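Single-structure report; data block below.
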Number of protein chains: 2
Amino acid sequence: MTEALPTPEDTVARLYAELRRMAAGFEFRPSERLNESRLALRLGASRTPLREALNRLVAEGFLDFRSGQGFFCRALSPEGIFHLYEARAAIECAALGTAIDQAEEAAIADLAAYLDRTEGAYIRSTDPVELLEMDESFHVRLCALAGNPEFDGILANINGRIRYVRSIDLKQMRASGAVGERLSAHRRVLQALVARDRAAATGALRAHIEKRRDQATEAVRLAFADIYAPKGELE
Amino acid sequence: MTEALPTPEDTVARLYAELRRMAAGFEFRPSERLNESRLALRLGASRTPLREALNRLVAEGFLDFRSGQGFFCRALSPEGIFHLYEARAAIECAALGTAIDQAEEAAIADLAAYLDRTEGAYIRSTDPVELLEMDESFHVRLCALAGNPEFDGILANINGRIRYVRSIDLKQMRASGAVGERLSAHRRVLQALVARDRAAATGALRAHIEKRRDQATEAVRLAFADIYAPKGELE
DNA sequence: GTGCAACGATCTGTATACAGAGAGCGGGAC
DNA sequence: GTCCCGCTCTCTGTATACAGATCGTTGCAC
């Protein structure tokens, strides 16, 4: 189920997709060093294509590289997450601004249909992954209305790098019964877009993302406290 | 990205820096296929580290990769350039907005000092490369005031990919004696920043970048006409 | 002259080998 | 018990070898 999309024979692409998924979900712990030989063995390839895939992930900010020491998982910090959400707000709001000027009515209608279609699942879903995909997908589709592949690429990169904390944020929202809040934020943005009301649309989108930014940053901050404070309860 | 210092001995970093420079300046022609063996020989390394560097540049959008066919220089099109400038405006304006809220007075003063310091060279310079570096540097410093490394990284990437057309644009401005216009645009942005006037600052910056966007896009469009109808009134 | 097909040279994709650097561990001094 | 030194073993960084795919070219049919 997870291994289908990259063409049957393309080792580097396969490794890249697999490693990106692992890195996005912090299956490597923050700042952990990666053992190339073990990883290559586990993924069924040699170190040569593995390192090519790893280099791509370094360029995309999923991994770090230190000469002579190899590849490391990226660090996880409240500041880093804050900056990623801030960049995300910048890109999404800019894309929305362009979309308000230029998106076709039909494309906007498609997005509205998507929101209607997923509304039920959004509220009732108990699957965190499904929830995450739906949230991400709404924002990706919104961004795509601008018709600028640069926006899409930057957003896809950021989405991968915040995926882990976003899923934590979503779990917390679900636990506190606040999923509807997110959904209504999406709907508010969409309505302003339909009305071609730039100030209302970008304002609503920015407020939504900044709220998620603060929640996600706080969640990481608390996790940090857990990691660095308690010598006591471990094991 | 403005890469980390290429330490004396780090083959991949050296190759990456060299290839990035070459790709940025379109020393490979648009859509040209790269011959790995020849390139490795020319750069004094083997294909293994070369391909690692090439993979990083693919991830950054400087090169394309097609499985089974190898690496290609990115295409050059008016639409592509338009999208890059549009993304640049989004990032720089967002960074400026953050800077207006949060930048220290001292940091803003540094930028003002930089502008004063380079003003003379800016107007008198006959070296296109120097002109390009100064223009780019002003915008990079402005962006850095936001204190968000994500903004800096995205801008560095875009700067590399528009470097070629930007230098053409600068040459044309110099030829038409319009360099002062650009300088005054920078100064207008700075003054609004000093006054912490968000609307004026982002408005001025956006207008400046969008003007450059249109000029650069048009320059590429004309070059396209030259390429695809090169024989004058033939046929 | 044009289109197609098969051949050959070239190039890519991956595995493997090996040298040198780095990290971890044990032992010794204090 | 703690710190430091040196050793060893592992891992990284790069070169090279080789299999399979690709592209250009030549020759043939029409």
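Since this is a predicted model, take the numbers as computed values, not measurements. Every chain is numbered from 1 and lettered A, B, ... according to where its sequence line falls, protein lines coming before strand lines.
- Between A/Phe71 and A/Phe65, the angle of the ring planes lies from 30° to 60°, which puts this pair in the tilted group.
- Here C/dT14 presents its P atom at 10 Å from CG of B/Asn55, a figure rounded to the nearest Å.
- To the nearest angstrom, P of D/dC9 lies 18 Å from CZ of A/Arg38.
- In this structure, the CZ atom of A/Phe71 is 18 Å from the C1' atom of C/dA23, given to the nearest Å.
- In this structure, A/Glu36 places its CD atom 11 Å from P of D/dT14, rounding to the nearest Å.
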Checklist line | Evaluation steps, side chain to side chain donor-acceptor pair (under 3.5 Å), between A/Arg141 and A/Ser137 | finding: CA-CA 6 Å; A/Arg141 286 162 189 259; A/Ser137 186; 3.0 Å; yes

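- Atoms CZ (B/Arg33) and P (C/dC11) sit 8 Å apart, rounded to a whole Å.
- Put simply, B/Arg51 has no side-chain N or O that comes within less than 4.0 Å of OP1 or OP2 on C/dT12.
- Computed from coordinates, the B/Leu41 CG to C/dT12 P distance equals 13 Å when rounded to whole Å.
- Within 4.0 Å of B/Leu39, counting heavy atoms only, lies no atom of the nucleic acid at all.
- The local environment of CD in A/Gln69 is crowded, with over 12 non-hydrogen atoms from other residues, nucleotides or ligands closer than 6.0 Å.
- Among all heavy-atom pairs drawn from B/Val220 and B/Ser77, the shortest one is CG1-C, 3.8 Å.
- For A/Arg47 against D/dG13, a side-chain N or O and a base N or O form a donor-acceptor pair under 3.5 Å.
- Distances from the side chain of B/Ala45 to the nucleotides D/dG13, D/dA15, C/dT12 place D/dA15 closest.
- Per the geometry, CG belonging to A/Leu54 stands 12 Å off C1' belonging to D/dT12, to the nearest Å.
- A/Glu52 places its CD atom 10 Å from the C1' atom of C/dT12, with the value rounded to the nearest Å.
- The side chain of B/Ser46 has D/dA15 as its nearest neighbour among C/dT14, C/dA23, D/dA15.
- Nearest-nucleotide positions on DNA chain C place B/Gln69 closer to the 5' end than the other of B/Gln69 and A/Gly68.
- At a cut-off of 3.5 angstrom, counting only N and O atoms as typed in the model, there is a donor on one side and an acceptor on the other between the side-chain of B/Thr48 and the base of D/dT16.
- A cation-pi arrangement, defined by a distance under 6.0 Å to the six-membered ring centre and an angle within 45 degrees of its axis, is absent between A/Arg74 and A/Phe62.
- Within the 4.0 angstrom heavy-atom criterion, no nucleotide atom of any strand lies near A/Leu15.
- Between the side chain of B/Ser37 and the base of C/dT12, no donor-acceptor pair under 3.5 Å is found.
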